[in-house]
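A short worksheet on the structure shown next.
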Number of protein chains: 2
Amino acid sequence: MAGKRADDGAQESIWQRMERPARPPRAALTHAQIAAAAVEIADAEGLDAVSMRRLAERLGVATMGLYRYVRGKDDVIELMVDAVYAEEARAAEGRDWREVLRVSALRLRALMLRHPWLVETTAQAGPLTPNFVARTDRLLASLDGLGLDADTAMTVIGTVTAFVTGATTARIRMARLMRKEGAEKMDDLRTIYSSRMKWLLESGRYPAFERYIREGVRKDDDDWQFELGLESVLDGVAARLTI
Amino acid sequence: MAGKRADDGAQESIWQRMERPARPPRAALTHAQIAAAAVEIADAEGLDAVSMRRLAERLGVATMGLYRYVRGKDDVIELMVDAVYAEEARAAEGRDWREVLRVSALRLRALMLRHPWLVETTAQAGPLTPNFVARTDRLLASLDGLGLDADTAMTVIGTVTAFVTGATTARIRMARLMRKEGAEKMDDLRTIYSSRMKWLLESGRYPAFERYIREGVRKDDDDWQFELGLESVLDGVAARLTI
DNA sequence: CTTGAGGTGTGTACGTCGTACGCAACGAGT
DNA sequence: ACTCGTTGCGTACGACGTACACACCTCAAG
């Protein structure tokens with residue numbers, strides 16, 4: 001029996017066996033650990049940097065070891081999405097439905113800006129992750145007692161959420177463009193794109209757009225634009241609520 | 001000199017040289033051709049199927065030949081995005097601003113549903129593609145004469161557009177999930193997810209959501225939800241316009 | 001007609017990705 | 001003691017984007 005493993009097993013005695021468990025003493029990962037590590041990588045370097053190899057390395061596990069806990073990369077992304085939505089687990093506060101929807105919208109926006117890679121997960125993550133259901137549930141609860149039927153209540157929430165995700169996605173896209181072009185502020189980006197812009201405008205085919213470029217003074221004030229848009233949307237759904 | 005190419009060049013005479021120019025007589029691609037081919041692939045098999053190799057093969061060109069026309073894959077995607085926005089090149093019709101915004105929203109939604117891969121291009125494509133500027137210009141023009149300042153006018157357009165992209169993205173995500181699970185109708189999806197859903201609801205932590213699941217009768221009527229949301233948003237911005 | 005040069009299309013090659021597969025080590029049942 | 005399922009991991013495969021160098025065609029100049 002000793003001879004059977006003489007060429008590799010019997011030779012590594014004590015010292016070698018002592019230093020091996022130091023690296024992976026006993027793996028025993030949890031899904032929460034996997035999600036947290038993946039989110040850290042994505043926050044720091046973008047979703048593309050989250051590869052199974054990188055993730056495993058960060059967790060001190062062999063690459064294929066991850067497949068013991070997830071079925072594939074899509075699972076990892078689903079875990080990531082749910083993990084960041086957990087940050088929104090607190091109940092939304094506010095005296096009335098409008099206040100609740102408003103702070104919920106602002107918080108969702110802040111969440112997306114904190115984790116911009118969320119916009120790239122659209123393709124993979126399903127909408128039934130537990131913490132997202134939790135958010136929907138809380139918002140639905142805030143609309144209770146207004147005499148809305150279930151369908152209308154859900155549509156109200158969906159409408160506000162759609163606005164928030166759409167608007168924030170546009171802003172993230174712009175921030176990404178800035179980073180790609182190496183611009184610090186919007187003015188830098190404008191400088192970089194000035195020739196392209198001039199070429200577009202000189203065609204004379206976009207007079208209204210040109211006027212906006214000349215006259216707009218809050219072109220970079222995303223917060224102002226978002227809040228104005230949000231108030232408009234809330235006004236719009238309010239009309240549905242009081243009828 | 002003949003000896004220098006004896007092993008490959010001199011041996012191929014006439015027949016071989018005759019059949020070679022048949023393959024690539026003169027390529028001379030155009031950017032429009034590249035975009036059209038890429039869009040076809042993406043429409044049929046998704047954005048992931050658009051690889052430089054696949055695209056080159058479809059165009060009858062060597063893989064690296066594409067790099068004569070584009071700087072990299074990001075360029076291809078930017079071409080694709082602009083190409084499909086060209087479908088929206090017609091001026092939006094409608095008697096008043098509200099009608100123009102409404103049909104424009106419906107058309108944008110239809111466009112995205114026709115090319116669902118658009119939602120995945122958020123990370124790469126910049127917002128300054130010519131045909132997208134053209135859309136913005138037309139919408140701005142429709143708001144002329146209402147006495148709005150440039151910033152508010154742009155925010156109105158941005159708000160409606162954000163709602164449309166957000167809502168349509170959610171719908172596309174759902175359609176993708178259905179396809180992934182092999183479901184034909186929403187009811188199939190519900191069957192597949194019934195255990196997961198039951199598990200979620202049995203925790204008792206989402207009473208409002210549970211009530212919606214029980215009482216909602218238009219859960220799958222995306223068009224109804226979208227139109228209700230759109231009317232709400234338009235109502236909301238209308239208040240800003242008439243003040 | 002020869003020759004040199006510049007632009008154009010192509011093939012090969014590198015490093016990365018997700019993940020299928022099969023081997024080594026281990027704990028438990030006969 | 002011997003098997004056997006379970007677990008952890010290394011290797012390997014086929015894709016990807018693209019850098020790079022080479023082969024070719026065309027045309028100007030001699």
Side-chain angles (χ1 to χ4, degrees), chain A residues 1-2 4-13 16-18 20-30 34 38 41-42 45-80 120 123-124, chain B residues 1-2 4-13 16-30 33-34 38 41-42 45-80 120 123-124:
Chain A
M1 43 164 141
K4 197 173 187 181
R5 28 173 85 179
D7 31 329
D8 52 40
Q11 283 182 357
E12 66 163 20
S13 276
Q16 298 175 33
R17 291 187 67 91
M18 269 173 62
R20 182 136 49 92
R23 262 178 291 156
R26 188 57 59 102
L29 288 182
T30 68
I34 294 175
I41 296 175
E45 304 177 49
L47 194 62
D48 285 347
V50 181
S51 71
M52 298 303 269
R53 288 174 232 263
R54 271 290 302 275
L55 185 55
E57 185 189 15
R58 190 186 197 94
L59 288 165
V61 169
T63 304
M64 295 311 289
L66 289 176
Y67 285 83
R68 193 74 49 191
Y69 300 89
V70 291
R71 221 168 328 167
K73 195 178 186 182
D74 284 0
D75 273 11
V76 173
I77 289 178
E78 191 157 341
L79 285 176
M80 292 172 69
E120 293 161 75
Q124 289 88 7
Chain B
M1 38 170 124
K4 196 173 188 181
R5 32 172 80 180
D7 32 327
D8 51 41
Q11 282 182 357
E12 66 165 17
S13 277
Q16 298 175 35
R17 291 186 68 90
M18 267 173 62
E19 73 180 7
R20 183 132 48 90
R23 261 179 291 154
R26 186 55 59 98
L29 289 181
T30 67
Q33 284 175 321
I34 294 175
I41 296 174
E45 304 178 47
L47 194 62
D48 285 348
V50 181
S51 71
M52 298 303 269
R53 287 173 231 262
R54 271 291 301 276
L55 185 54
E57 187 190 12
R58 189 184 197 93
L59 289 165
V61 169
T63 305
M64 295 312 290
L66 288 176
Y67 286 83
R68 202 77 50 190
Y69 299 88
V70 291
R71 224 168 326 169
K73 193 176 185 181
D74 284 359
D75 273 11
V76 172
I77 289 179
E78 191 157 339
L79 285 176
M80 291 173 69
E120 292 162 75
Q124 289 89 7

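Only heavy atoms go into these numbers, but all of them, side chains included; no hydrogens, no water, no symmetry mates. Convention: sequence-line order gives letters A, B, ...; per-chain numbering from 1.
Heavy atoms only, all atoms of each residue included: B:Gly72 and B:Met52 are closest at C-CE, 4.4 Å. Minimum interatomic distance between A:Ala56 and A:Thr63 (heavy atoms only, all atoms of both residues): CB-CA, 3.5 Å. A:Ile41 and A:Leu55 make their closest contact through CD1-CA, 4.1 Å (heavy atoms, listed as atom of the first residue, atom of the second, distance).
When heavy atoms are screened at a 4.0 angstrom cut-off, A:Val50 is found touching the sugar-phosphate backbone but no base atom.
In this entry the distance linking CG of B:Leu66 with P of D:dC20 reads 19 Å, nearest Å. Computed from coordinates, the A:Asp74 CG to C:dT19 C1' distance equals 12 Å when rounded to whole Å. Rounded to an integer number of Å, the gap from A:Leu47 CG to C:dG18 C1' is 14 Å. One can place NZ of B:Lys73 at 8 Å from P of D:dT18, the figure rounded to the nearest angstrom. Rounded to an integer number of Å, the gap from CG of B:Leu55 to P of D:dA15 is 17 Å. For the pair B:Met64 CE and C:dC14 P, the computed distance is 15 Å after rounding to whole Å. When the C1' atom of D:dG10 is taken as reference, atom OH of A:Tyr67 falls 14 Å away, rounded to whole Å. Rounded to whole Å, atom C1' of D:dC16 lies 16 Å from atom CD of B:Glu45.
Contact between the side-chain N/O atoms of B:Arg53 and the OP1/OP2 oxygens of D:dC16 is found at a separation under 4.0 Å. Note on B:Tyr69: a side-chain N or O is less than 4.0 Å away from OP1 or OP2 of C:dG9. Contact check, A:Arg68 against D:dG8: a side-chain N or O comes under 4.0 Å of OP1 or OP2.
Which of D:dC9, D:dG17, C:dG18 sits closest to the side chain of B:Met52 comes down to D:dG17.
A:Asp48 contributes atom CG, which lies 6.0 Å from atom CD of A:Glu120 (distance to the nearest 0.5 angstrom).
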